[in-house]
Amino acid sequence: MELWYTEKQTENVGITCKTSKTLHVEKTEFQHIAVIDTMQFGRMLVLDGMVQTTIEDEFVYHEMITHVPLNTHPSPKNVLVIGGGDGGAIREIVKHPSVERAVLVEIDRRVVEVSREYLPEISSGLDNPKVNVIYDDGIKHVKENPNTYDVIIVDSTEPVGPAVELFSGDFYRSVDNALKEDGLFVAQTESPFFNRDLIKHCYREISGVFPLTKLYLASVPTYPSGLWSFTMGSKKYDPESINSSSIPGYPTKYYTGELHKGAFILPRFVQDLLK
Ligand code: SAM
């Protein structure tokens with residue numbers, strides 16, 4: 001018998017994958033967690049019915065949410081990831097020679113434990129000696145750690161449950177406060193096709209706090225619409241002014257120096273969202 005998994009991405013559209021096995025299902029204090037084996041994308045982590053990451057396409061999201069901010073900052077030493085319990089962002093961050101400390105603040109301990117068990121390809125970086133994993137609310141952590149980080153990465157779930165506040169103006173002000181004087185941050189800000197109001201809201205709120213706000217795009221097949229946005233707020237450095245030939249030569253599958261710059265070239269309808 002064939003078994004298929006569908007994520008309803010909006011009221012009217014979904015993504016459906018043929019599965020070979022359901023490996024894990026549980027309900028934690030914060031969310032439902034599932035890990036399934038899919039025929040097309042390999043192992044898939046699903047939270048509250050929404051695809052978070054898959055073995056086949058995770059590299060796009062994890063490389064783009066990390067290398068763009070880390071190569072915009074000339075020497076990122078202290079880096080914070082909020083959310084990101086699968087460990088994919090951390091795996092990329094520890095590739096950077098300048099990084100001395102990478103802190104992961106994940107609200108749900110079980111996401112980390114399940115990822116360690118079922119997604120070792122993604123979670124492997126969590127064992128790096130530079131990494132400190134803290135189980136706490138990222139909102140509380142940024143409030144309690146002023147002037148601490150060079151780069152903050154908000155690798156959150158969609159704006160539901162404990163992640164709702166991660167998309168608010170108050171949170172962006174706390175992030176600004178937790179960054180050093182030349183710090184910068186990036187948040188995943190969903191699909192320009194399906195989440196236009198959210199993108200407008202985030203861009204407006206981030207622009208109200210940071211002197212430099214820029215949105216960039218990447219193509220992630222298992223995320224709603226396949227086109228994903230990230231919004232950067234920066235106190236000093238412009239992500240489009242980097243010297244792409246000076247990017248360190250660690251291995252990547254999606255990210256390149258040219259793509260770093262190209263990701264900020266936006267289609268007209270996305271430019272219009274930011275006006
Ligand atoms: N790449 C993913 C995506 O866009 O679909 C996000 C992956 S990661 C698994 C998201 C994590 O954010 C979840 O594990 C969730 O528990 C965590 N999270 C949600 N709200 C949080 C908060 N307020 N503080 C810390 N972690 C939070």
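Read the numbers this way: they start at 1 and go in the same order the structure lists the ligands and their atoms.
Heavy atoms of other residues, nucleotides or ligands lying less than 6.0 angstrom from NZ of K21 number 12 at most.
Each of the following atoms of ligand 1 lies closer than 4.0 Å to a heavy atom of D108: 16 (O). Proximity to L47 (heavy-atom distance under 4.0 Å) selects the following atoms of ligand 1: 9 (C), 13 (C), 14 (O). Atom numbering of ligand 1 starts at 1 in the shown order; those under 4.0 Å from a heavy atom of V111 are 14 (O). Close contacts of ligand 1 with V51, meaning ligand atoms under 4.0 Å from a residue heavy atom, involve 5 (O). Taking a cut-off of under 4.0 Å to the non-hydrogen atoms of Q188, the atoms of ligand 1 that pass are 4 (O). For ligand 1 and V105, the ligand atoms under 4.0 Å from any heavy atom of the residue are 25 (C), 26 (N). If you number the atoms of ligand 1 from 1 as listed, the ones under 4.0 Å from a heavy atom of Q31 come out as 15 (C), 16 (O).
At a threshold of 4.0 Å, the pair R173-D170 counts as salt-bridged, since one of the basic side-chain nitrogens sits closer than that to a carboxylate oxygen. The pair K18-E2 meets the salt-bridge criterion, since a charged nitrogen lies less than 4.0 angstrom from a carboxylate oxygen. A salt bridge does not link K261 to E240: none of the charged nitrogens lies less than 4.0 Å from a carboxylate oxygen.
For H96 and Y250, the gap between ring centers is short of 6.0 Å.
Using a 4.0 angstrom heavy-atom cutoff, V112 does not count as in contact with ligand 1. Heavy-atom distances between T53 and ligand 1 stay at or above 4.0 Å for every pair.
When all heavy atoms of A89 and I65 are compared, the pair lying nearest together is CB-CG2, 4.4 Å.
Counting heavy atoms from C-beta outward, D48 and H32 have side chains that approach closer than 4.5 Å.
Remark: among candidates Y223, F30, Y135, the nearest residue to atom 2 (C) of ligand 1 is Y223, based on non-hydrogen atoms. Remark: among candidates I107, V160, D137, the nearest residue to atom 18 (N) of ligand 1 is I107, based on non-hydrogen atoms.
Judged as a side chain to side chain donor-acceptor pair (under 3.5 Å), the pairs with a partner in residues 107-126 (not counting sequence neighbours) are, in order, E26-R110, T28-D108, Q31-D108, R110-E113, R116-D127.
For ligand 1, the polar-atom distance check finds an N/O of P162 within less than 3.5 Å of one of the ligand's N/O atoms. Between G138 and ligand 1, a contact under 3.5 Å exists for at least one N or O pair.
For atom 10 (C) of ligand 1, the nearest protein heavy atom (residue, atom name, distance) is D155 O, 3.3 Å. When only non-hydrogen protein atoms are considered, atom 5 (O) of ligand 1 lies nearest to Q52 OE1, 3.1 Å. For atom 19 (C) of ligand 1, the closest heavy atom belonging to the protein is T157 OG1, 3.3 Å. Summary of contacts: the protein heavy atom closest to atom 9 (C) of ligand 1 is D86 OD2, 3.4 Å. For atom 15 (C) of ligand 1, the nearest non-hydrogen atom of the protein is E106 OE2, 3.3 Å. For atom 12 (O) of ligand 1, the closest heavy atom belonging to the protein is G83 CA, 3.3 Å.
Annotation: side-chain hydrogen bond (donor to acceptor under 3.5 Å, both in side chains) contacts of Y61 (sequence neighbours excluded): D155.
Contacts between A163 and ligand 1, counted as non-hydrogen atom pairs separated by less than 4.0 Å, involve both the backbone and the side chain.
Tested against E58 for a salt bridge (Lys or Arg N to Asp or Glu O under 4.0 Å), the candidates R91, K253, R43 yield a single pass: R91. Put simply, the residue from W228, F41, F194 that forms a ring-ring contact (aromatic ring centres under 6.0 Å, His included) with Y223 is W228.
A donor-acceptor contact shorter than 3.5 Å is absent between the side chain of K143 and the backbone of F171.
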